Number of protein chains: 2
Amino acid sequence: MLHEEVVGRIRDILLDGEIPPGARIPERELCERLDISRTPLREALKVLAAEGLVQLLPHRGSRAAKLTDKDMRDLFEVCQGLEALAGELACERITDHEIAEIAAAHAAMVQHYREGDLLQYYRGNRAIHEGIVNAAGNPVLSGLYASVTARIRRARYVTPMTPQRWAFAVSEHEAILNALQRRDGAGLSHILRAHLRHKREEVLQAGFAETEASELTLKIA
Amino acid sequence: MLHEEVVGRIRDILLDGEIPPGARIPERELCERLDISRTPLREALKVLAAEGLVQLLPHRGSRAAKLTDKDMRDLFEVCQGLEALAGELACERITDHEIAEIAAAHAAMVQHYREGDLLQYYRGNRAIHEGIVNAAGNPVLSGLYASVTARIRRARYVTPMTPQRWAFAVSEHEAILNALQRRDGAGLSHILRAHLRHKREEVLQAGFAETEASELTLKIA
DNA sequence: TGGATCCTTTTTGCATTCAAAAATAGAGAT
DNA sequence: ATCTCTATTTTTGAATGCAAAAAGGATCCA
């Protein structure tokens with residue numbers, strides 16, 4: 001197994017919440033599961049720590065990073081900035097073909113919305129945002145965006161979705177697609193910012209605070 | 001020596017150009033020099049590869065990453081976006097004390113400009129930009145900014161500086177400080193964007209292309 | 001019963017080792 | 001001499017081994 005694949009596998013395990021935030025990462029178990037020795041596993045953990053998904057405690061091993069409300073706010077703030085930038089650049093550079101692809105993804109997402117399939121909706125949602133970012137034609141930007149969104153992903157999916165919010169989000173996406181089709185960079189940038197600000201408020205309002213079991217115990221006691 | 005320190009030391013070696021872009025990274029030598037074994041060294045290299053400073057070639061070791069003109073453009077583009085965002089946020093959050101600190105750094109930088117001390121000027125320049133970014137109060141943003149600027153750093157310092165360009169850059173910095181003092185987020189954001197756009201043009205115009213010795217040889221032959 | 005101290009076990013971090021892959025050098029053929 | 005094929009050396013990537021540190025218990029005392 002290649003180094004990047006190991007990193008990817010562990011990243012998925014963390015993002016799926018299989019190892020909950022704050023929990024210790026069991027080196028031995030992961031080694032057995034991925035059928036690798038500790039050396040490549042630890043290399044991957046250091047990389048993930050640099051990405052902010054893993055917290056390394058000297059002589060105390062590694063834990064799945066725990067996000068505070070502040071962390072979440074910061075991540076959304078940066079994400080807004082990156083998407084806004086991507087929106088502007090995408091409007092300058094996007095091809096008709098790419099627009100068509102995003103329009104198709106949008107249509108599919110709306111269909112999932114109508115069917116009430118939240119999981120598929122989120123998947124489509126993500127494809128659209130990623131599509132826009134990639135249409136900016138800037139791999140550095142795409143990379144940073146991927147790293148930032150990875151860290152917020154769990155929160156996005158966990159936050160409860162009300163019918164009103166959902167309908168509004170879809171209407172925002174209509175506006176996003178529209179601005180993109182008109183290649184209105186400033187407009188797209190503005191809508192994306194608002195869209196993410198709304199999402200952030202949802203997430204924070206839902207009281208997203210990744211608290212660890214042991215800490216909870218401590219606070220109660 | 002702590003893991004982060006190893007990463008830092010190697011990063012410095014790369015940024016100082018001690019291992020030139022494209023050159024193989026001599027594991028054995030670095031091990032001896034840092035007095036560590038290959039295990040922690042390789043962990044650090046994987047982290048730096050994730051940061052984009054090192055290129056890993058399967059079964060062929062690691063090389064100092066080489067930046068193409070496109071890479072440089074992309075990095076500047078993202079850097080612009082990050083600084084613009086930071087400028088807006090900083091204006092909302094910066095304290096009088098922080099403004100005073102940046103004003104002091106600015107004064108010092110202008111003094112270095114008058115003295116014609118380019119190195120010290122760059123140092124002050126960097127302190128100002130970092131000060132603004134940090135004043136945004138968003139560690140995620142600061143982290144991404146640090147990572148992006150690290151990769152451009154060498155180019156910035158290598159590019160020749162004409163008296164005209166230098167004078168203009170200083171005047172831009174006057175405007176930057178002014179906007180910050182007025183807490184004019186939109187204005188600051190706009191000036192920072194222009195400032196970086198100019199810098200990028202300088203760098204790219206200077207024909208910054210990190211070409212490897214062996215490649216040169218190949219091209220000549 | 002509660003708590004402090006010491007000892008055992010486990011885990012961590014790094015050095016070392018080992019097999020496989022790549023680079024290098026050398027011999028032979030043209 | 002140059003090219004090619006093979007044998008040797010070097011380097012890489014990963015597993016194992018080892019010392020130090022931390023966690024987990026047991027014992028002793030109040």
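Since the model is a prediction, treat every value here as computed from it, not as a measurement. Numbers restart at 1 for each chain; the letters A, B, ... are given by sequence-line order, proteins then strands.
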(message) It should be established whether A:R24 places a side-chain nitrogen or oxygen under 4.0 Å from OP1 or OP2 of nucleotide C:dT12.
(response) yes
(request) Ignoring backbone atoms, establish whether B:R60 has a side-chain N or O less than 4.0 Å from OP1 or OP2 of D:dT11. (result) no
(message) Quick check: any donor-acceptor pair below 3.5 Å linking the side-chain of A:S37 to the base of D:dA14?
(response) no
(request) Would you state whether a donor and an acceptor, one from the side chain of A:R38 and one from the base of C:dG13, lie under 3.5 Å apart? (result) yes
(request) Calculate the interatomic distance between B:L57 atom CG and C:dA23 atom C1'; express it in whole Å. (result) 14 Å
(request) Quickly work out the A:E27 CD to C:dC14 P distance and round it to whole Å. (result) 12 Å
Short N-O contact, [X] and [Y], less than 4.0 angstrom:
X     : Y     : result
B:R42 : B:E27 : yes
A:D74 : A:K70 : yes
A:E18 : A:R33 : yes

(request) Between A:I36 and A:P58, name the one whose nearest nucleotide on DNA chain D is closer to the 5' end. (result) A:I36
(message) Students often get this wrong, so: under 4.0 angstrom with heavy atoms, is A:I25 touching a base, only sugar-phosphate, or nothing?
(response) nothing
(request) Using a heavy-atom cut-off of under 4.0 Å over every strand shown, decide if A:L45 touches base, sugar-phosphate, or nothing. (result) nothing
(message) Between B:M161 and B:E202, is there a side-chain heavy-atom distance shorter than 4.5 Å?
(response) yes
(message) By nearest atom, which of the nucleotides C:dA15, C:dT12, D:dT11 is closest to the A:R28 side chain?
(response) C:dT12
